[in-house]
Amino acid sequence: MFRNEGQRRILPIFNCQLEISSSLVFFFRLHEAGLLKVGLTGGIACGKSVVGEMFVALGAHLIQADAIAHELMQPGEGVYEEVVRHFGEGILNPDGGVNRARLAEAAFGADAGNRSSRIQELNRIVHPAVIRRQEEWMEEVGRGDPRAIAMVEAALLLEAGAGKRFDRLVVVTCRPEQRVQRWAARVGGDEESARREVERRMAAQLPDDEKIKAADYVIDNSGSLDEARKRVGQVYGELKREAEKRA
């Protein structure tokens, strides 16, 4: 995982200390290269991933923070060891892998009214490593194409304080009832159980109106896929023009 780039040394993703370079230096290197860094976020079950796929189809590069976190929580990774140390072996499957449902219950609390949520504790373990992996990925994209749009999809992007790491922020929204319906369809459960889970997770997220205030672009995903695709095309066109001007 180590490599040299000039006098800059990139450390393993699970090491939270930087010996030589800093996030600020990294930010300006990417900016100078012309890469346009875009954050894609939104509340639970709003359709971020569908919207992200639409951006990719148009030419954007995309990485999902959730997929990075899943990779980093594999046995043998530093993040895995820390998560198990903090949350106990009760979150593990018989094969030693993390049971994501059990971890979610331990982190978010058993219900939406539970104020003993440990989500911030989990975030402090996972987010620094996820952000480091995102930075390495964006650097790689920027070297390959200085005019690229590098998009990071992350549900807790603003909650993690990572908004300022991006040049532009896209927020996806939908109607509250649609979140419940989409979550129920995703997990194959009934709507009442889905409602409780959505409320539990939303309690750890900023409300949509706060996300919208921070956004450069908003994509309302309450309508048809064609309507969302049209709006994505409009936003992508503006992002692409900005990226080309920066190169």
Side-chain angles (χ1 to χ4, degrees), residues 1-3 9-19 21-27 29-30 35-46 48-49 51-53 55-56 60-87 91-92 97-104 106-108 117-142 148-172 201 204-206 211 214:
M1 294 255 337
F2 290 90
R3 66 177 184 271
R9 190 185 188 196
I10 300 176
L11 301 182
I13 191 71
F14 47 80
N15 190 329
C16 295
Q17 296 180 342
L18 293 177
E19 295 179 358
S21 63
S22 68
S23 295
L24 184 61
V25 172
F26 176 86
F27 173 87
R29 286 190 177 186
L30 285 183
L35 181 73
L36 187 67
K37 301 182 280 83
V38 180
L40 176 65
T41 191
I44 181 174
C46 66
K48 293 183 298 297
S49 295
V51 168
E53 290 170 1
F55 276 110
V56 170
H61 301 261
L62 183 141
I63 194 168
Q64 295 177 317
D66 189 57
I68 297 174
H70 181 69
E71 178 184 340
L72 293 172
M73 279 194 278
Q74 297 302 307
E77 293 283 356
V79 169
Y80 170 91
E81 302 296 338
E82 282 297 296
V83 169
V84 174
R85 185 170 71 85
H86 280 255
F87 290 88
I91 65 169
L92 299 179
V98 172
N99 184 304
R100 302 189 75 182
R102 292 180 195 165
L103 177 59
F108 288 98
S117 170
R118 299 175 65 190
I119 187 62
Q120 293 304 322
E121 181 181 351
L122 178 61
N123 289 343
R124 283 193 294 270
I125 299 169
V126 177
H127 282 169
V130 170
I131 289 171
R132 194 80 66 241
R133 182 68 58 84
Q134 291 169 2
E135 290 177 341
E136 290 183 342
W137 173 79
M138 287 190 289
E139 184 177 26
E140 182 178 349
V141 170
I149 297 171
M151 183 170 287
V152 173
E153 177 193 328
L156 299 178
L157 189 152
L158 290 170
E159 291 83 349
K164 293 182 179 180
R165 293 177 177 271
F166 298 92
D167 301 307
R168 293 290 177 261
L169 182 65
V170 178
V171 169
V172 182
R201 294 186 180 231
Q205 299 182 358
L206 289 173
K211 292 179 187 288

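Values below: every heavy atom of this structure, side chains too, minus hydrogens, waters and symmetry copies.
- Two residues are said to be in side-chain contact when any heavy atoms from C-beta on lie closer than 4.5 Å; Arg133 and Glu71 meet this criterion.
- Closest non-hydrogen pair, Ala160 versus His127, comes out as CB-ND1, 3.3 Å.
- A 4.5 Å side-chain heavy-atom check between Val152 and Thr41 finds every atom pair outside the cut-off.
- Note that CZ of Arg102 is 9.5 Å distant from CD1 of Ile91, once rounded to the nearest 0.5 Å.
- One distance of note links CD1 of Ile131 with CE of Met138; it measures 9.0 Å at 0.5 Å rounding.
- Here the straight-line distance linking atom CD of Glu82 with atom CZ of Phe87 works out to 11.0 Å at 0.5 Å rounding.
- Remark: Ile125 CD1 to His86 NE2 distance equals 4.0 Å, nearest 0.5 Å.
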Inset, instruction - Mind running side chain to side chain contact (heavy atoms under 4.5 Å, CB included) on Met73 and Leu103 for me, showing each step along the way? - result: CA-CA 11 Å; Met73 279 194 278; Leu103 177 59; 3.8 Å; yes
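- A salt bridge links Arg100 to Asp66: at least one charged side-chain nitrogen sits closer than 4.0 Å to a carboxylate oxygen.
- Here the side chains of His61 and Ile149 are not in contact, with every heavy-atom distance at 4.5 Å or above.
- Arg132 has a carboxylate O that lies under 4.0 Å from a charged side-chain N of Glu135, or vice versa, which qualifies the two as a salt bridge.
- Residues Ala69 and Val126 share a closest heavy-atom pair of CB-CG1, 3.9 Å.
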Legend entry - Verdict with reasoning, Val38 to Val170, per side chain to side chain contact (heavy atoms under 4.5 Å, CB included): CA-CA 7 Å; Val38 180; Val170 178; 3.8 Å; yes
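- The closest donor-acceptor contact from the side chain of Lys37 to the backbone of Arg165 lies under 3.5 Å.
- Side-chain contact check for Ser49 and Glu153: at least one donor-acceptor pair (N or O, by modelled atom type) lies under 3.5 Å.
- Between Val141 and Ala148, the shortest heavy-atom distance links the atoms CG1-CB, 3.7 Å.
- Closest non-hydrogen pair, Ala214 versus Leu169, comes out as O-CD2, 3.5 Å.
- The line from CG of Asn123 to CD1 of Ile119 is 4.5 Å long, rounded to the nearest 0.5 Å.
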Inset, instruction - Test side chain to side chain contact (heavy atoms under 4.5 Å, CB included) on Leu92 and Asn99 and set out the steps. - result: CA-CA 5 Å; Leu92 299 179; Asn99 184 304; over 6 Å; no
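- Atom CG of Leu62 is separated from atom CH2 of Trp137 by 6.0 Å, given to the nearest 0.5 angstrom.
- Nearest heavy atoms, Arg201 versus Ile44: CD-CD1, 3.3 Å.
- Nearest heavy atoms, Glu159 versus Leu206: OE2-N, 2.7 Å.
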Inset, instruction - Dump the intermediate steps for side chain to side chain contact (heavy atoms under 4.5 Å, CB included) on Val171 and Leu40, then the final yes or no. - result: CA-CA 6 Å; Val171 169; Leu40 176 65; over 6 Å; no
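- At least one donor-acceptor pair closer than 3.5 Å links the side chain of Gln74 to the backbone N or O of His70.
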